[in-house]
Amino acid sequence: MSEERSLNFLEEIVEEDLRTGKHAGRVLTRFPPEPNGYLHIGHAKSICLNFGLALKYGGKTNLRFDDTNPVKEDIEYVDSIKEDVKWLGFEWANELYASDYFDKLYDFAVILIKKGLAYVDDSSAEEIAAQKGTPTEAGTANQFRSRSVAENLALFADMKAGKYPDGAKVLRAKVDLASPNMHLRDPLMYRIKHAHHHRTGDTWCLYPMYDFAHGQSDAIEQITHSICTLEFIPHRDLYNWFIEQLEIFPSKQYEFARLNLNYTVMSKRKLLQLVTEGHVEDWDDPRMPTISGLRRRGYTPASIRDFCDRIGVAKRENMIDVSLLEFCIREDLNKTAWRRMAVLDPIKMVITNYPEGETETMSGENNPEVEGGEGGRDIPFGRELWIEREDFMEEPPKKFFRLGVGLSVRLKSAYIVTCNSFVKDIEGNVTEIHCTYLPESKSGADTSELKVKGTIHWVSVAHAKTAEVRLYDRLFQVEDPSNEDNDFKEYLNPHSLQILSNAYIENDLATAIPGKGYQFIRKGYFTLDKHSTADKLVFNRTVTLKDSWKAPQPPKGGA
RNA sequence: UGCCCGAUAGUAUAAAGGUAGUACAACGGUUUUUGGUACCGUUUGUCUAGGUUCGAAUCCUGGUCGGGCAACCA
């Protein structure tokens, strides 16, 4: 670690606090998701930030579920969030819930009422909105604002006791109806909801709003650095106001710009829509930017952490290129994935001078990136092979280093072959390619002294297993679907999923390990899908290999 | 037309008044039994107008542009 990495603005704040002895050198952050949906790559940024910051400075991080709105939340989401955070490789110090603090929060509210800083308002939502004024006009007080402390206390107790229906009354903080910050115009603290909560059941019919739960929860846990996204900046004044009036632990809120990735959407609402309307299979569809989707797609925790590290942290709105995410997973998988051969779009090759009925065994290393290759496996070879349809051309252009009549290639880990002829069916489709091989060119024992430009992958017809291979492409056709004129779903990529049901794979792949990444040589990185079975192997393509080969452009028209 | 954030290559992110750097992308080359990897190289940038200063991406002022704020959501 000789390279001095520059600090992001949050690290600078923490280091400054450490330098000045604030909180006696203690660093405690929290990751506070609302359990109302699955985590996505944007949350991963926040997770890496919160856990990473604590890790770097010897602190800890709490996992806190911000579960103050029972109608949107569910235990299903709690479980998936815990799984995803763990999978990413982080350990929380405490598993906590805002709902654990409902009693304390209620007491806090009573304190504010007693100080004359909160009141029960009987107005409707519409009336309250109207009375808040506009950004350019001050709000106006109503008659409830001057209720006595005693009356407020009694009313608030009745609210808790369930004496009023939903929406009949709210508790509001008495701050400043003329504030230029709309959030300070007597914000709501509590609303009545006769709803079942996934943890507190039917104990409460009164639930705190975000602004009267989040900062208080931070203070209760003595969070030193409460990190959230930019849209909470206007809430900060209120966050501080409650803490000051309550005289509780002075947690501080800091804001960073959320992650935006191009060619996808990131809002829970939109992701939910994709699921419920059947545009994708589920939350963990490999095309989804969810953590579970990326996992099923074959992304590794390390690659996602690396990505979060590389995108940096700042306060400027951003739109990250997916190519960076793809770079991160390629870089990881290149070092760890075992190499195998798989023919996705097969065409038969017959080696006419290879003895009929004979087979032999070639050997291939598992990983050329590692010294020793991490061992190897046997690859059966024979007279008939499956090769990739696109590796043969009837009329090959210049610099096509693959097969065409008269052209030679190396069969990976095997022999050099030369194409002599091919067979077509009545419709003119090429159905078979005939080659001859050079016996003295065997891989590892090549005495032919022949150099060929191209090497192609293959699978023995007699030994191959079949598999279904799913190729994924970006979910949307435009960079920023949420920012287009029409509904975001109109920009879905109709070709985001391509299923190849007739792929041939090396027999060794029949025992592929779930969760492990494999490189199908020349084709990309793949991993077993969760629906794969011994009878029907299913592979997902995580990402393609970088491919710098471009077919020659046809001459431009317009003579 | 109130308040609050922000503005550095195509995309991100550094440079705390002193050489505008790094990564991804793009392009070119070397190596290669993966048109992969590795390695080398190239192109491209401080929103704008003033001011302060020996010196400004950085500090100040005005403007422009982008984003946020008036949910009984978080």
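Just so it is clear: chains get the letters A, B, ... in the order the sequence lines come, proteins before strands, and each one is counted from 1.
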Looking at every strand, decide which applies to A:R402 at a 4.0 Å heavy-atom threshold: base, sugar-phosphate, or nothing.
-> base
Below 4.5 Å, heavy atoms only, C-beta onward: do A:R389 and A:P346 meet side chain to side chain?
-> no
Regarding A:K160 and the six-membered ring of A:Y106, is the cationic atom NZ or CZ under 6.0 Å from the ring centre and inside 45° of its axis?
-> yes
Below 3.5 Å is the cut-off: list the nitrogen or oxygen pairs between protein and nucleotides 22-29 of chain B, distance only.
from: B:A23; atom 1: O2'; to: A:R310; atom 2: NH1; distance (Å): 3.0

Would you classify A:V313 as touching base, sugar-phosphate or nothing, given that sugar-phosphate means primed atoms plus P, OP1 and OP2, and contacts are heavy atoms under 4.0 Å?
-> sugar-phosphate
Kindly say whether, by distance alone, the side chain of A:R410 makes a donor-acceptor pair under 3.5 Å with the base of B:U33?
-> yes
Would a distance-only check, ignoring hydrogens and angles, find a side-chain to backbone donor-acceptor pair under 3.5 Å from A:R172 to A:P187?
-> no
Scan A:E255 against the nucleic acid and name what it touches under 4.0 Å (heavy atoms): base, sugar-phosphate only, or nothing.
-> nothing
Using a 4.0 Å heavy-atom cut-off across all strands, classify A:I521 as base, sugar-phosphate, or nothing.
-> base
Of all the choices, B:A12, B:U37, B:A16, which nucleotide is nearest to the side chain of A:E12 once you look at every atom?
-> B:A16
Give a yes or no on whether a donor-acceptor pair under 3.5 Å exists between the nucleobase atoms of B:G36, that is its base, and the side chain of A:E369.
-> yes
Can a donor-acceptor pair under 3.5 Å be found between the side-chain atoms of A:S443 and the base atoms of B:U33?
-> yes
Sugar-phosphate only, base, or nothing, as touched by A:F400 at under 4.0 Å among non-hydrogen atoms | base
Over 12 foreign heavy atoms within 6.0 Å of NZ, A:K516 | yes
Looking only at side-chain N and O atoms, does A:S6 come under 4.0 Å of OP1 or OP2 in B:A15?
-> no
Looking at every strand, decide which applies to A:G454 at a 4.0 Å heavy-atom threshold: base, sugar-phosphate, or nothing.
-> nothing
Would you mind building the protein contact string for nucleotides 68-74 of chain B? One character per nucleotide, 5' to 3', B for base within reach (heavy atoms under 4.0 Å), S for sugar-phosphate only, - for untouched.
-> -SBSBBB
Take atom C1' in B:A25 and the same atom in B:U31, then report the distance between them in whole Å.
-> 23 Å
Strictly by modelled atom types, are A:E73 and A:N36 linked by a side-chain donor-acceptor pair under 3.5 Å?
-> no
